[in-house]
Chemist: 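Could you have a look at this structure, given as structure tokens, before my questions?
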Number of protein chains: 2
Amino acid sequence: MSTVTASTDTDRQRFAAIGRALADPKRLCVLECLSAGELSVGDLSTRAGCHVPNMSQHLSVLRSAGLVTSRRVGSTVYYSLSDPRVLEAYQLIQHIAR
Amino acid sequence: MSTVTASTDTDRQRFAAIGRALADPKRLCVLECLSAGELSVGDLSTRAGCHVPNMSQHLSVLRSAGLVTSRRVGSTVYYSLSDPRVLEAYQLIQHIAR
DNA sequence: GGGTGACTTGCGCGTTTGCGCAACTTGTGA
DNA sequence: TCACAAGTTGCGCAAACGCGCAAGTCACCC
């Protein structure tokens with residue numbers, strides 16, 4: 001049995017921000033799409049089936065949680081996963097959900 | 001790089017429910033407390049620093065997400081983690097948050 | 001400079017969430 | 001049976017969220 005290091009409340013608030021980033025189906029769709037490599041905002045919005053401004057807001061949530069990073073090439077912005085452990089966490093959640 | 005199996009939107013909705021359960025500092029505090037073993041609602045509420053009805057609602061969220069299970073002994077209800085992978089996921093989130 | 005494409009940001013709206021509080025259910029013991 | 005302790009549930013409210021839409025920023029090309 002693994003015990004978890006006790007955290008301060010401010011720490012848990014940061015952890016909870018990551019939880020909130022994982023709390024929306026469209027944002028999880030983004031993580032799945034980015035598992036194959038970086039994509040532009042327009043690509044992600046079509047794959048998730050939502051409008052570009054909406055996707056931009058979702059990406060803002062993911063970025064401020066530190067799950068994705070952005071890279072600008074000309075006028076298009078490419079997003080990618082910032083850490084392979086993000087996928088590990090998502091896969092764990094998938095298994096827990098059975 | 002590990003790819004993630006594409007999910008249906010209903011699947012992602014179930015996964016997002018787990019994300020929402022992990023999206024609150026008090027609920028993360030509950031997971032930390034339960035990592036050492038089962039605890040009653042009253043114990044959890046004092047450790048998390050909130051009132052009993054509030055804790056009961058948080059536990060309801062965790063239970064409907066499948067992260068904890070309850071066991072009743074007399075009039076007190078003991079909660080425990082339903083799956084060790086819940087702690088793994090939480091630890092991954094902690095590491096991602098650095 | 002003007003126009004266009006790719007994002008981002010601000011606003012308003014309806015829904016959801018977290019909370020305190022009161023009321024209700026259930027088990028225990030005198 | 002009565003009182004009390006332990007949880008749960010319902011209600012109302014303030015805050016946060018997801019969304020569509022319009023407007024703004026920035027890079028590129030004629």
Side-chain angles (χ1 to χ4, degrees), chain A residues 9-10 12-34 37-80 82, chain B residues 9-10 12-34 37-80 82:
Chain A
D9 197 72
T10 45
R12 282 192 282 262
Q13 221 149 347
R14 266 200 350 273
F15 306 153
I18 294 184
R20 261 187 291 116
L22 300 174
D24 185 89
K26 290 215 181 73
R27 288 196 287 268
L28 297 181
C29 182
V30 167
L31 298 186
E32 292 180 16
C33 294
L34 293 183
E38 67 177 8
L39 287 172
S40 70
V41 179
D43 284 345
L44 287 169
S45 69
T46 49
R47 300 198 191 209
C50 68
H51 298 159
V52 173
N54 187 10
M55 175 54 63
S56 185
Q57 291 174 147
H58 282 304
L59 290 169
S60 165
V61 173
L62 289 170
R63 184 158 33 86
S64 53
L67 304 189
V68 301
T69 55
S70 60
R71 177 177 77 95
R72 129 169 276 126
V73 175
S75 70
T76 85
V77 178
Y78 292 98
Y79 280 83
S80 54
S82 64
Chain B
D9 196 73
T10 46
R12 282 191 283 260
Q13 221 149 346
R14 268 200 348 276
F15 307 153
I18 295 185
R20 261 187 288 118
L22 301 174
D24 186 90
K26 291 214 181 72
R27 290 197 286 268
L28 297 181
C29 181
V30 167
L31 298 186
E32 291 179 17
C33 293
L34 293 184
E38 66 177 8
L39 288 172
S40 70
V41 179
D43 284 345
L44 287 169
S45 68
T46 48
R47 301 198 190 210
C50 68
H51 298 158
V52 174
N54 187 10
M55 175 54 64
S56 184
Q57 292 174 146
H58 282 305
L59 290 170
S60 167
V61 174
L62 289 169
R63 183 157 34 86
S64 52
L67 304 189
V68 301
T69 56
S70 59
R71 176 177 77 96
R72 128 170 277 125
V73 175
S75 69
T76 85
V77 178
Y78 292 98
Y79 280 83
S80 56
S82 63

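Convention: sequence-line order gives letters A, B, ...; per-chain numbering from 1.
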Chemist: Give one of base, sugar-phosphate or nothing for Val52(A), where a contact means two heavy atoms less than 4.0 Å apart.
Modeler: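 The answer is base, as Val52(A) lies within the cut-off (heavy atoms under 4.0 Å) of a base atom.
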Chemist: I want to check one thing: is the phosphate of dT8(C), taken as OP1 and OP2, less than 4.0 Å away from some side-chain N or O of Ser56(A)?
Modeler: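 It does, given that an N or O in the side chain of Ser56(A) lies less than 4.0 Å from OP1 or OP2 of dT8(C).
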Chemist: Judged by atom type as modelled, is there a donor-acceptor pair below 3.5 Å linking the side chain of Ser82(B) to the main-chain atoms of Leu67(B)?
Modeler: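 The answer is yes, because a donor-acceptor pair under 3.5 Å joins these two groups.
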Chemist: Taking CE from Met55(A) and C1' from dC19(D), how many angstroms apart are they, rounded to a whole number?
Modeler: 13 Å
Chemist: For the backbone of Arg20(A) and the side chain of Arg27(A), can you confirm whether one donor and one acceptor N or O come within less than 3.5 Å of each other?
Modeler: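 Present.
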Chemist: Check the interface with nucleotides 19-25 of chain C: list each N/O to N/O pair with the protein under 3.5 Å, or write none.
Modeler:
from, atom 1, to, atom 2, distance (Å)
dC19(C), OP1, Lys26(B), NZ, 2.5
dC19(C), OP2, Asn54(B), OD1, 3.1
dC19(C), OP2, Asn54(B), ND2, 3.3
dC19(C), OP2, His58(B), NE2, 2.3
dC19(C), O5', Asn54(B), ND2, 3.2

Chemist: Would Arg71(B) and Ser80(B) count as a side-chain contact (heavy atoms from CB on, under 4.5 Å) here? Give the steps.
Modeler: CA-CA 8 Å; Arg71(B) 176 177 77 96; Ser80(B) 56; over 6 Å; no
Chemist: Got a sec, which residues hit side chain to side chain contact (heavy atoms under 4.5 Å, CB included) with Ser64(B), two or more places apart in sequence or on another chain?
Modeler: none
Chemist: Between Val52(B) and Met55(B), does a side-chain contact (heavy atoms from CB on, under 4.5 Å) hold up when you go through it step by step?
Modeler: CA-CA 5 Å; Val52(B) 174; Met55(B) 175 54 64; 5.6 Å; no
Chemist: How would you label the contact of Arg27(A) with the nucleic acid (heavy atoms, under 4.0 Å): base, sugar-phosphate, or nothing?
Modeler: sugar-phosphate
Chemist: How many whole angstroms separate atom OH of Tyr79(A) from atom P of dC7(C)?
Modeler: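 Value for this atom pair: 9 Å.
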Chemist: Consider the side chain of Ser75(A), meaning its heavy atoms from C-beta on, and name the nucleotide among dA27(D), dC7(C), dG7(D) that approaches it most closely.
Modeler: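 Per side-chain heavy atoms of Ser75(A), the pick is dA27(D).
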Chemist: Any idea which heavy atoms bring Asn54(A) and Cys50(A) closest together, and the distance?
Modeler: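 Scanning both residues completely, I find the closest heavy atoms to be ND2-CB, 3.8 Å.
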Chemist: Between His58(A) and Leu44(A), does the side-chain contact (heavy atoms from CB on, under 4.5 Å) criterion hold? Intermediate values first, please.
Modeler: CA-CA 10 Å; His58(A) 282 304; Leu44(A) 287 169; over 6 Å; no
Chemist: How many Å lie between CG on Leu39(B) and P on dA6(D), as a whole number?
Modeler: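 Going from Leu39(B) (CG) to dA6(D) (P), I get 15 Å.
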Chemist: Take the protein atom CG of Leu44(B) and the nucleotide atom P of dA6(D), then report the distance between them rounded to whole Å.
Modeler: 14 Å
Chemist: Once you round it to whole Å, what is the distance between P of dC7(C) and CG of Asp43(A)?
Modeler: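 Atom-to-atom, Asp43(A) to dC7(C), this comes out as 8 Å.
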Chemist: Select base, sugar-phosphate, or nothing to describe what Ser40(B) touches, counting heavy atoms under 4.0 Å on all strands.
Modeler: sugar-phosphate
Chemist: Whole Å only: how far is the CZ atom of Arg20(B) from the C1' atom of dT17(C)?
Modeler: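 Spelled out: CZ on Arg20(B) to C1' on dT17(C) is 10 Å.
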Chemist: Distance check needed: dG7(D) P versus Arg72(B) CZ, whole Å only.
Modeler: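 Computing the Arg72(B):CZ to dG7(D):P distance gives 9 Å.
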